[in-house]
Amino acid sequence: MPELPEVESARATIQAAALDRRIADVDDSDTYECRPHPPGEIRDALVGRSITAAHRQGKSMWCDTSGVGRSRTPGPTLGLHLGMSGRILVTDADGALYEGGDWQGGRYGQGGEQPDRKPVWDRFTITFADGGTLRLFDKRRLGRVRLDPDLSKLGPDAEEVSADDLATRLGRSKAPVKARLLDQSVVAGVGNLLADQTLWEAEISPQRPADDLSPAELDRLHDALHHATKDAIANGGVHTGEIIAFRAAGARCPRCGTEMTRATVGGRTTWWCPKEQT
DNA sequence: CCATATGTTAAAAG
DNA sequence: ACTTTTAACATATG
């Protein structure tokens with residue numbers, strides 16, 4: 001479920017529950033999620049250190065790490081990407097579970113696994129000296145873990161981009177505006193659902209050429225992007241967006257009652273109101 | 001078996 | 001050469 005709001009929630013979880021705990025071991029044996037690092041490389045780089053901060057830009061997260069022992073020389077940054085289905089789970093020394101920035105209660109890894117939390121879906125695990133863990137739980141296995149990730153291609157974060165900057169960046173291409181919103185080098189953090197929600201709020205068709213939008217439309221788009229993002233973070237994820245439940249065959253626009261249209265735009269399944277979004 | 005899935009990216013196409 | 005689109009990736013689920 002991860003778009004910007006979910007990733008921000010995961011980042012907050014790490015910041016709240018995983019900082020300043022000495023790393024005793026790392027399971028980086030999933031060579032697909034950890035590529036191109038060979039097994040053991042990430043472990044060797046992290047053991048003895050601790051996470052000192054958790055950052056995010058768009059859907060990319062990275063953690064700063066401490067020096068080993070008394071050394072003040074910081075370690076590598078640990079890049080984490082949730083891919084299509086990743087979640088960050090952090091446990092206490094007692095096994096108490098933190099996720100999504102909130103206390104979840106319950107236990108993990110003591111014989112009480114939920115059927116939707118099979119340990120085989122733990123693709124990367126840090127074990128702290130206190131016995132707790134930080135895990136990347138990822139059913140579909142498209143997440144990524146890497147040392148010192150290259151973030152230079154990322155555009156400005158969707159939560160922070162200014163109206164002027166967004167307009168300039170979108171307008172550099174005649175591609176459909178939705179394709180531009182999904183392009184992480186244009187603006188970072190927008191995924192398929194957040195794009196549909198934003199365009200519906202702004203009443204702009206996803207198929208409109210990006211360089212054809214009027215100043216008024218670009219302004220609406222910027223407002224909608226910030227509002228949709230902020231709302232999703234506050235409400236617990238992009239799936240809480242008003243239009244998301246109406247991305248379905250036969251559903252009608254909750255504002256005007258017109259039947260929703262479906263097509264592939266920007267390579268992804270797209271739903272919009274053909275009457276209001278022009 | 002088929003289609004679909006909230007992401008990224010290499011390869012192909014234009 | 002640069003931009004845009006498609007396919008592939010690994011896996012689960014209906």
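So you know, we letter chains A, B, ... as the sequences are listed, proteins then strands, and number each from 1.
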T278(A) and E203(A), any side-chain heavy atoms less than 4.5 Å apart: no

Pair D64(A), T52(A): side-chain N/O donor-acceptor within cut-off below 3.5 Å: no

Close side-chain approach of T65(A) and P76(A), heavy atoms under 4.5 Å: yes

d(CG, D138(A); P, dT8(B)) in whole Å: 13 Å

Interface with DNA chain C, restricted to residues 139-154 of chain A and to heavy atoms under 4.0 Å: K139(A), R140(A), R141(A), L142(A)

Heavy-atom check, side chain of E242(A) versus side chain of P254(A), under 4.5 Å: no

Spacing between E3(A) atom CD and dG7(B) atom C1', to the nearest angstrom: 9 Å

Pairwise side-chain contact, P156(A) with D165(A), heavy-atom cut-off 4.5 Å (strictly under): yes

SB check R208(A) E217(A) (cutoff 4.0 Å): yes

Complementary nucleotide for dA7(C) - Watson-Crick or wobble, under 3.5 Å: dT9(B)

Under-4.0 Å side-chain N/O to phosphate OP1/OP2 contact, T269(A) with dA5(B): yes

Single hit among D164(A), T168(A), L170(A) for side chain to side chain contact (heavy atoms under 4.5 Å, CB included) with L166(A): L170(A)

Integer angstrom distance from the P of dA12(C) to that of dT9(B): 22 Å

Atom pair distance, as rounded to whole Å: CZ in R87(A) and P in dA5(B): 20 Å

Ionic contact status for D30(A) with R141(A), cut-off 4.0 Å: yes

Interatomic distance at P, dT6(C) relative to dT4(B), whole Å: 15 Å

Below 4.0 Å: OP1/OP2 of dG7(B) and any side-chain N or O of Q184(A): no

Nearest-nucleotide comparison on DNA chain B, the residue closer to the 5′ end among R268(A) and R262(A): R262(A)

Side-chain N,O (H81(A)) to OP1/OP2 (dT8(B)) below 4.0 Å: yes

Boundaries of the DNA chain C segment in contact with chain A, non-hydrogen, under 4.0 Å: dT4(C) to dT13(C)

Sole residue of L225(A), T198(A), L4(A) in side chain to side chain contact (heavy atoms under 4.5 Å, CB included) with V190(A): L225(A)

D183(A) CG to dT8(B) C1', straight-line distance once rounded to whole Å: 11 Å

Pairwise P distance for dA3(B) and dA7(C), with rounding to whole Å: 13 Å

Pairwise P distance, dC2(B) and dA8(C) [rounded to whole Å]: 15 Å

Interatomic distance where CD belongs to E33(A) and P belongs to dG7(B) [whole Å]: 15 Å

Sugar-phosphate only, base, or nothing, as touched by G191(A) at under 4.0 Å among non-hydrogen atoms: sugar-phosphate

Under 3.5 Å: donor-acceptor pair, side chain of R220(A), backbone of A202(A): yes

